[in-house]
Asks: 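Once you've had a glance at the structure underneath, I'll fire off some questions.
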Amino acid sequence: MRRTTVKAALTSPSPCPEIRVMGWVRTRRDAKGFSFLEINDGSCLSNLQIVIDDAVEGAALVKELGTGASVAVTGELIASPGKGQRYEVRAIALELLGPADPETYPLQKKRHSDEFLRTIAHLRPRTNKYGAMLRIRSALAHGIHAYFAEHGFALVHTPVITGSDCEGAGEMFRVTSLGPEAATLSAAERVSQDFFGKEAMLTVSGQLSAEPLACALGRVYTFGPTFRAEHSDTSRHAAEFWMLEPEMAFADLADNMDLAESLVTHLVRLIMDECAEDFGLFAKYVDPTLPATLENLLANPFVRLPYGEAVDILAASSRKFQYPVSFGLDLQSEHERYLAEEHFKRPVIVYDYPKDIKAFYMRQNDDGRTVAAMDVLVPGIGELVGGSAREERLDRLEGRIRELGLPLEAYWWYLDTRRFGTVPHAGFGLGFERLMMLVTGIGNIRDVMAFPRTWRHLEF
Ligand code: 4AD
Ligand code: MG
């Protein structure tokens with residue numbers, strides 16, 4: 001007999017004389033003559049209640065079933081007389097698929113700390129919170145692909161192994177096929193003997209590859225893992241994270257901001273509407289202010305604020321920042337959060353940043369000191385999106401690469417897109433985990449990914 005998921009059983013249009021469900025036991029309660037099991041199979045947040053009469057086939061097993069054991073149940077789906085669920089299953093036969101020793105199975109208590117659960121990342125998806133998180137993560141990824149398909153963007157796959165540092169921040173992981181025996185070689189020997197015969201790294205951003213594709217297909221997006229060897233042990237930085245990067249030809253900074261705002265609001269609404277049950281868990285147990293924060297995000301347009309004005313607001317505020325701000329300094333997360341959370345109380349798009357704190361590819365403004373960059377800052381997180389109009393003028397771009405002392409030859413292919421039929425274009429990168437933090441209220445990036453990789457942490 002085919003398996004019915006718990007979700008399908010609970011949303012069944014009618015009772016059913018015989019179904020087969022499988023799942024993990026969450027709780028067991030014994031009464032006189034029968035037992036109740038709550039099972040969960042990950043298809044939804046809710047458990048399915050199973051009623052097992054002592055007379056049914058396999059009932060002798062019940063008294064040994066602990067939290068975490070896996071079972072298969074054949075039975076009748078009936079309207080539940082109990083409160084809190086529409087249906088329950090009256091078991092006809094019960095099979096034990098795999099026991100879980102209550103002495104050693106770590107998920108016994110109802111609530112464990114996030115810190116403890118991180119040490120058992122292979123088991124935490126079986127808890128309500130992490131199950132809900134992973135279903136929302138999946139819905140968000142599907143929502144992203146649907147949004148871009150609807151808006152005429154081609155999905156492109158950009159490489160993970162790269163020869164160039166897109167952001168120029170030097171925070172890259174090296175890729176090598178050489179073993180420890182290469183330790184005695186000189187640097188030049190190592191490079192020449194290595195797999196590619198040149199230095200190879202894990203990409204920090206797909207942008208440099210997405211640009212030539214946008215300058216051929218018009219509108220593209222890439223959505224994949226990116227890697228940063230930043231030693232920042234914060235709640236918002238991971239060494240491996242997913243970045244969504246749309247890139248549009250024939251577009252400027254205003255188009256870029258419009259896209260970012262439309263995308264973020266669309267996805268927030270999607271999660272609130274279509275993942276209502278899972279979202280409800282976060283609103284109830286993780287951050288009670290979450291629904292109001294997100295409703296507010298949906299109700300008001302994002303603020304658009306030149307960097308210079310952002311600095312003025314920060315300088316004029318009575319708040320004592322750890323890093324005082326003046327024109328030319330990069331905004332820290334304390335500044336970003338002050339703007340979005342306290343001053344404007346909604347998302348803020350800061351644009352036209354000083355060129356000296358931004359990457360080489362950003363389009364230079366006529367004032368000679370700023371570039372057409374934009375960051376979307378959101379309450380609770382700070383920077384969610386970073387992007388820009390791209391410098392499409394060959395001479396300006398070459399000038400900037402030289403000025404920054406970057407190897408011009410290495411960018412020959414990138415410069416070709418400006419040499420032949422250059423067009424104004426723009427794009428951005430959205431940190432997928434940070435978006436997850438926004439829609440769930442989860443405060444630590446380690447808890448919005450299944451198996452986080454962070455500074456000094458690579459367990460699973
Ligand atoms: O602002 P970033 O560095 O922008 C770029 O990499 C551009 N090349 C993107 C583009 O224009 N196509 O990174 C983009 C976003 C950030 O706004 C942030 O949300 C996220 O990526 N991000 C991180 N998320 C988790 N952990 C980290 N270490 C992150 N670094 C950046
Ligand atoms: Mg950035």
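First listed ligand is number 1; within each ligand, the first listed atom is number 1.
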Asks: Passes salt bridge (Lys or Arg N to Asp or Glu O under 4.0 Å), Glu433 versus Arg137? Steps please.
Replies: CA-CA 9 Å; Glu433 283 74 20; Arg137 194 175 160 115; 2.9 Å; yes
Asks: With a 4.0 Å cut-off on heavy atoms, is Arg236 in contact with ligand 1?
Replies: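 Distance cut 4.0 Å: Arg236 passes for ligand 1.
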Asks: For ligand 1, which atoms, with element, lie under 4.0 Å from some heavy atom of Gln207?
Replies: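 Matching atoms, with element in brackets: 7 (C), 8 (N), 9 (C), 10 (C), 11 (O), 12 (N).
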Asks: Using a distance threshold of 2.8 Å, state whether an N, O or S atom of Glu383 lies below it from the Mg ion (ligand 2).
Replies: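 Of the N, O and S atoms in Glu383, at least one lies under 2.8 Å from the Mg ion (ligand 2), which means yes.
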Asks: What protein heavy atom lies closest to atom 5 (C) of ligand 1? Include the residue and the distance to one decimal.
Replies: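 The answer is Glu167 OE2, 3.3 Å.
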Asks: Just need the protein heavy atom nearest to atom 6 (O) of ligand 1, so name the residue and atom and give the distance.
Replies: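 It is Arg228 NH2, 2.8 Å.
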Asks: Starting from atom 22 (N) of ligand 1, find the nearest protein heavy-atom neighbour and note its residue, name and distance.
Replies: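 The answer is Phe241 CE1, 3.4 Å.
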Asks: Provide, to 0.1 Å, the distance between atom 15 (C) of ligand 1 and the closest protein heavy atom, together with that atom's residue and name.
Replies: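 Its nearest protein heavy-atom neighbour is Gly429 O, 3.6 Å.
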Asks: If you measure from atom 11 (O) of ligand 1 to every heavy atom of Glu245, Arg390, Glu433, which option wins on shortest distance?
Replies: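 Answer by nearest heavy atom: Arg390.
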Asks: Report the C-alpha distance between Glu403 and Arg400 in whole Å, list the side-chain angles of each, state the deciding distance to 0.1 Å, and finish with yes or no for side-chain contact (heavy atoms from CB on, under 4.5 Å).
Replies: CA-CA 5 Å; Glu403 225 169 79; Arg400 192 69 187 132; 2.5 Å; yes
Asks: Is the Lys NZ or Arg CZ of Arg418 less than 6.0 Å from the centre of Tyr414's six-membered ring, within 45° of the axis?
Replies: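 Relative to the ring axis of Tyr414, which defines the angle, Arg418 lies inside both limits.
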Asks: So for Met437, does at least one of its heavy atoms come nearer than 4.0 angstrom to any atom of ligand 1?
Replies: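 The answer is no: ligand 1 sits nowhere under 4.0 Å from a heavy atom of Met437.
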Asks: Check contact between Phe432 and ligand 1, using heavy atoms of the residue and a distance below 4.0 angstrom.
Replies: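 Contact absent.
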Asks: For Ala238, is at least one N or O under 3.5 Å away from an N or O on ligand 1?
Replies: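 Min N/O separation from ligand 1 is below 3.5 Å for Ala238.
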Asks: Would you call Glu383 a ligand 1 contact, heavy-atom distance under 4.0 Å?
Replies: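 In this structure, Glu383 qualifies as a contact of ligand 1 - some heavy atom is under 4.0 Å.
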Asks: Whether the side chain of Glu167 engages the backbone of Val204 through a donor-acceptor N/O pair (distance < 3.5 Å, no angle test) should be reported.
Replies: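 It does not hold such a pair.
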